[in-house]
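What follows is a set of notes on a single structure, which appears directly below.
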Amino acid sequence: MSFNAAMIRHIRRHSTATDTSISISKAKSKLRTEYDPDKALEIYSSVSKDYASTTSSRYAQDLTVRRLVKSHRFSDVENFIESHKNDPKITQEPFMSTLIRSYGLAGMFDHALKTYDQMDELGTPRSAFSFNALLSACINSKLFDKVPQLFDEIPKKYGVVPDEISYGILVKSFCESGNPQKALELVKEAEEKGVEITVITYTTILDGLYRKGKSDEAEKLWNVMDKKGCIDAASYNVRLMFSQDDRPEEVNTLIDEMTKAGYQPNTITYNYLMTSYLKREMVDEAKAVFKGLRENGCNPNAATFRTLVYHLCRNGYFEEAYKIFKQSVRMHKIPDFNTTKHLVEGLVKNEKKKEAKGVSRTVKKKFPPNLLKAWAKVEENLNLTSGEADSVEAEAASA
DNA sequence: TAATCAGTAC
């Protein structure tokens with residue numbers, strides 16, 4: 001089925017509860033594991049809007065847009081987002097902002113701006129909230145130079161007053177343009193205007209400085225943040241990210257410091273520690289970090305699996321990588337195309353063709369349709385197409 | 001409503 005006007009009518013018709021409608025939480029969990037954009041649309045349309053809170057439906061909407069974007073179906077994205085403009089909630093700024101943000105996720109900034117300009121005729125009031133949605137859309141569309149321009153023009157045009165988040169997004173745009181120095185200057189300017197510099201804004205600049213190799217400046221900024229008490233776990237994670245190439249002992253020391261300062265290490269923290277071990281081929285230590293996640297109150301995320309499988313393959317531990325891959329499938333967090341490609345190639349090379357076929361069958365069920373052509377090529381090159389094999393998924397389910 | 005999870009993306 002392809003997305004069309006009938007589907008939009010279907011979505012509208014189901015705006016009240018019917019026996020076919022499902023709860024938003026059920027839709028969210030279904031959407032998380034559904035990569036086919038058409039099926040994602042079906043799930044979205046079956047949600048009863050009566051139960052949908054703004055944040056929940058925004059999440060479901062974002063997921064649906066992401067699935068369509070992954071398949072490069074931009075006209076369907078447009079139809080999908082535009083269909084929401086008939087919703088009576090369109091006069092509510094947060095609802096409208098969701099549409100602007102969604103266009104940004106799709107990289108369709110022109111549409112985001114057009115939608116923002118439309119707010120007058122649709123009767124939606126403007127505050128910093130929708131302005132920030134527009135600036136985020138700009139960042140997500142990777143138009144970093146456009147953010148300062150909008151920051152200058154929009155307040156003049158519409159009388160919107162930028163808030164601390166607007167400044168945070170402007171800071172991000174400078175960092176993304178490779179100019180964290182300019183971001184630091186902006187901090188001064190904002191402070192003079194009495195706009196708060198939040199921990200997220202500081203952390204953004206910290207990351208920007210490290211990325212440009214300005215470790216000295218980053219450390220100076222860290223001291224400023226420390227003095228102000230403007231630090232959280234994510235700030236520590238940025239420091240950890242740039243210490244991944246250090247010795248694992250040093251990474252562990254930094255994590256100790258983090259814990260003593262009262263910040264709970266999270267999954268991302270442990271991902272960095274794991275990577276620091278893997279970069280030195282300390283596979284047992286890395287696996288110990290992975291196994292210890294749960295007792296540290298953390299769950300592996302998609303990056304955990306991707307990193308572990310990727311490095312295990314790079315180091316030639318294909319059977320280990322295969323085991324981890326099976327776990328990732330069970331948790332609906334399977335690694336990306338390239339990592340999985342490394343895995344099947346390594347399995348074939350090591351005469352594990354049956355396992356390779358299992359991975360391949362799973363991939364064909366889980367990857368977005370637009371990647372399947374490229375995957376068919378991988379299969380063909382490895383001669384995996386003949387014969388039958390159970391998918392990893394089926395095997396994992398029966399295990 | 002913004003920040004951190006490998007890297008050109010496929």
>> Is it the case that the side chains of D256(A) and T253(A) hold a donor-acceptor pair, with the cut-off being a distance below 3.5 Å and no angle test?
In response: no
>> Working note: Y236(A) + W222(A), criterion ring-ring contact (aromatic ring centres under 6.0 Å, His included); need CA distance, chi angles, decisive distance, verdict.
In response: CA-CA 10 Å; Y236(A) 266 101; W222(A) 180 267; 4.9 Å; yes
> Within this structure, what is the NZ-to-C1' distance between K333(A) and dC5(B), rounded to whole angstrom?
Replying inline: 12 Å
> When the distance from CD1 of I197(A) to P of dA2(B) is rounded to whole Å, what number comes out?
Replying inline: 17 Å
> Rounded to whole angstroms, how far apart are CZ on F151(A) and C1' on dA2(B)?
Replying inline: 12 Å
> Would you say the side chains of T385(A) and E380(A) form a donor-acceptor pair under 3.5 Å?
Replying inline: no
>> How about CD on E319(A), more than 12 heavy atoms from neighbouring residues, nucleotides or ligands closer than 6.0 Å, or not?
In response: no
>> Please tell me whether E93(A) and T124(A) have a donor and an acceptor in their side chains that are separated by less than 3.5 angstrom.
In response: no
Atom pairs, N/O to N/O, protein against nucleotides 8-10 of chain B, distance under 3.5 Å?
| unit_1 | atom_1 | unit_2 | atom_2 | d |
| --- | --- | --- | --- | --- |
| dC10(B) | N4 | N338(A) | ND2 | 3.1 |

> Roughly how many Å is it from CG in L221(A) to P in dT4(B), rounded to a whole number?
Replying inline: 15 Å
> What integer distance in Å separates E176(A):CD from dT4(B):P?
Replying inline: 8 Å
>> Measure CE/M258(A) against P/dT4(B) and give the value in whole Å, please.
In response: 15 Å
> How far does the C1' atom of dT4(B) sit from the matching atom of dA9(B), given to the nearest Å?
Replying inline: 22 Å
> Could you give the CD-to-C1' distance, from E196(A) to dA2(B), as a whole number of Å?
Replying inline: 13 Å
> Is a side-chain donor-acceptor pair under 3.5 Å present for D207(A) with T204(A)?
Replying inline: no
>> Side chains of K333(A) and T304(A): any donor to acceptor distance under 3.5 Å?
In response: no
> Would you call the rings of F367(A) and F337(A) parallel, tilted or perpendicular, where under 30° means parallel and over 60° means perpendicular?
Replying inline: parallel
> Which part of the nucleic acid, if any, lies within reach of D232(A) when heavy atoms closer than 4.0 Å are counted: base, sugar-phosphate only, or nothing?
Replying inline: base
>> Holding to side chain to side chain donor-acceptor pair (under 3.5 Å), I want the full list of residues that pass it with K287(A), two or more places apart in sequence or in another chain.
In response: E320(A)
>> Under 4.0 Å, heavy atom to any atom of DNA chain B: which of residues 127-135 of chain A qualify?
In response: F129(A), N132(A)
> Any idea how H111(A) and Y103(A) line up, ring-wise: parallel (<30°), tilted (30 to 60°), or perpendicular (>60°)?
Replying inline: tilted
>> Suppose we screen for ring-ring contact (aromatic ring centres under 6.0 Å, His included). Which residues come up paired with H311(A), at least two apart in sequence or across chains?
In response: none
>> Among dA6(B), dC5(B), dA3(B), which nucleotide has an atom closest to any side-chain atom of R306(A)?
In response: dA6(B)
> Contacts to DNA chain B from residues 153-174 of chain A, heavy-atom cutoff under 4.0 Å, which residues?
Replying inline: I165(A), G168(A), I169(A), K172(A)
> What nucleotide among dA3(B), dC5(B), dA2(B) has an atom nearest to a side-chain atom of R211(A)?
Replying inline: dC5(B)
> If we ignore angles and hydrogens, is there a donor and acceptor under 3.5 Å between the side chains of S360(A) and W375(A)?
Replying inline: yes
>> Checking contacts here: which listed nucleotide (dC5(B), dA2(B), dT4(B)) is nearest the side-chain heavy atoms of A303(A)?
In response: dC5(B)
> Among dA2(B), dA3(B), dA6(B), which is the nearest nucleotide to the side chain of Y310(A)?
Replying inline: dA6(B)
> Is it true that the side chains of N301(A) and Y270(A) contain a donor and an acceptor less than 3.5 Å apart?
Replying inline: no
>> Measure NZ/K341(A) against P/dG7(B) and give the value in whole Å, please.
In response: 17 Å
> Taking atom C1' in both dA2(B) and dA6(B), what distance in whole Å separates the two?
Replying inline: 23 Å
>> Angle between ring planes, H342(A) versus Y310(A), binned at 30° and 60°: parallel, tilted or perpendicular?
In response: perpendicular
>> Is T307(A) close enough to dA6(B) that one of its side-chain N or O atoms is under 4.0 Å from OP1 or OP2 there?
In response: yes
> Within 45° of the ring axis of Y116(A) and under 6.0 Å from its six-membered ring centre, is that where the NZ or CZ of R126(A) lies?
Replying inline: yes
>> Please determine whether any donor N or O and acceptor N or O are separated by less than 3.5 Å between the side chain of T198(A) and the base of dA3(B).
In response: no
>> I need the residues from residues 268-300 of chain A with at least one non-hydrogen atom less than 4.0 Å from DNA chain B; give them sorted by number, or say none.
In response: I268(A), N271(A), Y272(A)
